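Just below is one structure, and these are the notes that go with it.
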There are 2 protein chains.
Amino acid sequence: MALASHGALARGGVNRQAFTAVDADARLQLMAWAAESGLEPSIDAIGNLFLRLAGTDSTLPPVLTGSHLDTQPAGGKFDGTFGVLAGLEALTAIQARQLSLPRSLELVVWANEEGSRFPPTTMGSSVFAGGMKLDQALAARDDQGMALGDVIELFLARHGELPRRDFGTPVHAYLEAHIEQGPVLERAECSLGIVSGIQGLRWFEIEVQGQEAHAGTTPRAARRDAQAAAMRIAMALTRYFEDEDDIARFTIGRWQVQPGSPNTVAGRVVFTIDFRHPDAGALERMGDAIAPLCEQLAAPCDVLVQELSHSAPIHFPSAIRRLLTLAARDAGMATLELMSGATHDAKWLHTMAPTGMLFVPCEGGVSHNQAESAAPEDLRAGTQVLCNALIRLAGESGAARMPSSQ
Amino acid sequence: MALASHGALARGGVNRQAFTAVDADARLQLMAWAAESGLEPSIDAIGNLFLRLAGTDSTLPPVLTGSHLDTQPAGGKFDGTFGVLAGLEALTAIQARQLSLPRSLELVVWANEEGSRFPPTTMGSSVFAGGMKLDQALAARDDQGMALGDVIELFLARHGELPRRDFGTPVHAYLEAHIEQGPVLERAECSLGIVSGIQGLRWFEIEVQGQEAHAGTTPRAARRDAQAAAMRIAMALTRYFEDEDDIARFTIGRWQVQPGSPNTVAGRVVFTIDFRHPDAGALERMGDAIAPLCEQLAAPCDVLVQELSHSAPIHFPSAIRRLLTLAARDAGMATLELMSGATHDAKWLHTMAPTGMLFVPCEGGVSHNQAESAAPEDLRAGTQVLCNALIRLAGESGAARMPSSQ
């Protein structure tokens, strides 16, 4: 609730987009809490923030846990934030018990997971894991034409003087706790989901180029109306992605018209496609159909189709899933295994180290919405199991119990 | 060309939207030129600017001529500006010849003709003529949520201390010169069009309300996707307005999605419709079909249809059309009579006093576009005939000739 005050919206949600002043303010609050438990901060050049609880053997790669603090333009209080605070709570409890663990534990706040201001999504973890070059990330522009490279120095400076972390430093294992953002756990009345993997995701940007003209004098036959052509294309795509089983996820979430004046025929429309599928073959086949369909329907306008990101479906290693199941059993909790519909930073860490995720239910499965909510007892259960699993990974065999006052 | 430097764009056009600093700068330049001919400025509360050449009998209502200086976000150099500068040229020539005319002549710059930042179009002339209340105009908001009432005082102050003009002061007659913004005169190789009337115009704003949701986790069946519903509605409307004769003008020029994030299902879409027709019956019948079609196709979203403006087709009085034809004959020029596809401030003056319009050709009929262009000889012809007609209306019978150096 304290973090949600940074970027609070009228209807209970949060607008804390990546690299903004409120994003930095939320991180400063987190750093203040972490400092009380002696966690040591460092930051990398894309803005990923690390808070380290040192282990007894500094030569061993650390165990990482965390998520993100940036939100959608009209997002909720729990998406990302829960994973960060669960990690903080776990590290705080471990530090308070003075457990002697060989490996260091690091709480990480990945920069720009949402990608709603500067695409693509999961930018910070992608750059850390080597999936994207820093230069490419810094060239991303927001819809006002501002490049990330123009704003990031100010954002980094707001953290104060911190040691600089390199990209790709070795990681022993990564765990991320998150709200499910879907209805499965709530319907099953289960507090804890072990995530089997993440469905595949492809992002496209479609640019339709026509010609501006006067709305009152230009006959339909003489128009190159970018809005009309873009609607024709978008409707055909919408129909193409209407699979019978309702498994494909197809979303047009951004649509910009230039010049955007009611009495001028549009000269240019740019819109985005977010397409996801759990099956690798369908992700390829259906995604590859987008460009030909656009080109077929654009006349008399021109169309440019760019693929902004492309991630195949992934499956987390069975060893980590087993470890999470054992950690839940230690706490006497039932679990459910499920696939993630949303993408997460864990996707990129999966390319570096054994990685796993824990889900807790959220109300009605609603997320990316101001109404996003989750029950305290579910958040507590997820935090407890995360803490148990982190202790196992950092080298201890016994389970810790959260103090009952928390 | 000097006025086009205020708001100049890279591709030769102009972005001089109403009530901006560059809009005020262009007016200051015009006032400086007008001052050289002793024209007396005054301004009304919506920002209409009047520059008066006094007649010999101050008890007689003046003859007005003018147009607008505001442009589309990516507009051209001639739309509106030509009519203002033709009027300035005519009054300057009349003043230089020291013609003794009983009626005063006033050059007027109507505020916010385009309505692209603060809808609706022809706002200034509408308020002057009593078609819209000042309060209603000041409540108009731009797409950043700024109300006109919040910016107009600063805009008025930029003109310096000017006498304040009342709305609805008596007008003897009104003439407006304008580029055609269509292809008729150019194709007929005719420099001068006498405008018979203006086609009808209706503006609508369609607001589709759905629910924001996560793009990766929310099945299609569980979505209330405002973008999907708005596209469905807009495509059905587009098809409905595809008349065989290509006479109806139907344009969706603005389309805004909230929150506008690629991986969030849209919660709200607002788009505009600009619909025009020369036939009064078709304007009513086809325009009235919009709301039922929207309501029929909105589910599972909600839709709100608002009509922002509604002007029936108008026909200028035959006496003014005859006067313009005679003024052209005095200058030895052929004319063509044609209907205006675009709307103009003359529409509102028509409700107050005998009103007429002159058109000159523009290149390829292109307007509301940076490439807008017109030939100097056509602009000169239009200015000459406007001047002749103004002299007739202000009480002189003879025709004036423009000095050959201009």
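Keep in mind the model is a prediction, meaning the values are calculated, not measured. Proteins get letters first, then strands, A, B, ... in listed order; numbering begins at 1 in each.
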Can you tell which part of [X] gets under 4.5 Å to a heavy atom of chain B, answering side chain, backbone, both or neither?
X        : value
A:Asp143 : neither
A:Glu180 : backbone
A:Thr251 : both
A:Glu242 : both
A:Arg223 : side chain
A:Phe271 : neither
A:Phe275 : neither
A:Arg220 : both

Taking every non-hydrogen pair under 4.5 Å, which of [options] racks up the most with chain B?
options                      : result
A:Gly253, A:Gly75, A:Gly341  : A:Gly253
A:Ala234, A:Ala266, A:Pro120 : A:Ala234
A:Ala248, A:Ala342, A:Pro219 : A:Pro219
A:Thr343, A:Leu308, A:Val257 : A:Val257
A:Gly260, A:Gly76, A:Gly182  : A:Gly260

(request) Determine yes or no for a side-chain-to-main-chain donor-acceptor pair under 3.5 angstrom, with A:Asn263 supplying the side chain and A:Ala215 the backbone. (result)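 No, the answer is negative, given that no donor and acceptor are paired below the 3.5 Å cut-off.
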(message) Using only atom types and a distance under 3.5 Å, with no angle test, would you say the side chain of A:Thr71 pairs donor to acceptor with the backbone of A:Val14?
(response)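 Checked: pair present.
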(message) With chain A as the partner, which of B:Asp79, B:Thr121, B:Ile273, B:Thr218 has the greatest number of non-hydrogen pairs under 4.5 Å?
(response) B:Thr218
(request) Look at B:Pro262, B:Pro73, B:Ala74 and state which one has the largest set of heavy-atom pairs under 4.5 Å with chain A. (result) B:Pro262
(request) For B:Ser116, enumerate each residue passing the side chain to side chain donor-acceptor pair (under 3.5 Å) test, keeping only those at least two apart in sequence or located in another chain. (result)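 Side chain to side chain donor-acceptor pair (under 3.5 Å) check on B:Ser116 returns nothing, list empty.
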(request) Could you pull out all residues at least two apart from A:Thr264 that satisfy side chain to side chain donor-acceptor pair (under 3.5 Å)? (result)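 Checked A:Thr264 against side chain to side chain donor-acceptor pair (under 3.5 Å); matches are B:Gln72, B:His368.
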(message) Please determine whether a side-chain nitrogen of the Lys or Arg among A:Arg249 and A:Asp246 lies less than 4.0 Å from a carboxylate oxygen of the Asp or Glu.
(response) yes
(request) Measure across A:Trp203 and A:Glu114 and return the closest heavy-atom pair with its distance rounded to 0.1 Å. (result) CH2-O, 4.2 Å
(message) We want to know whether A:Arg268 and A:Gln258 form a side-chain donor-acceptor pair, criterion being a heavy-atom distance below 3.5 angstrom.
(response)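 Result is yes, a qualifying pair exists.
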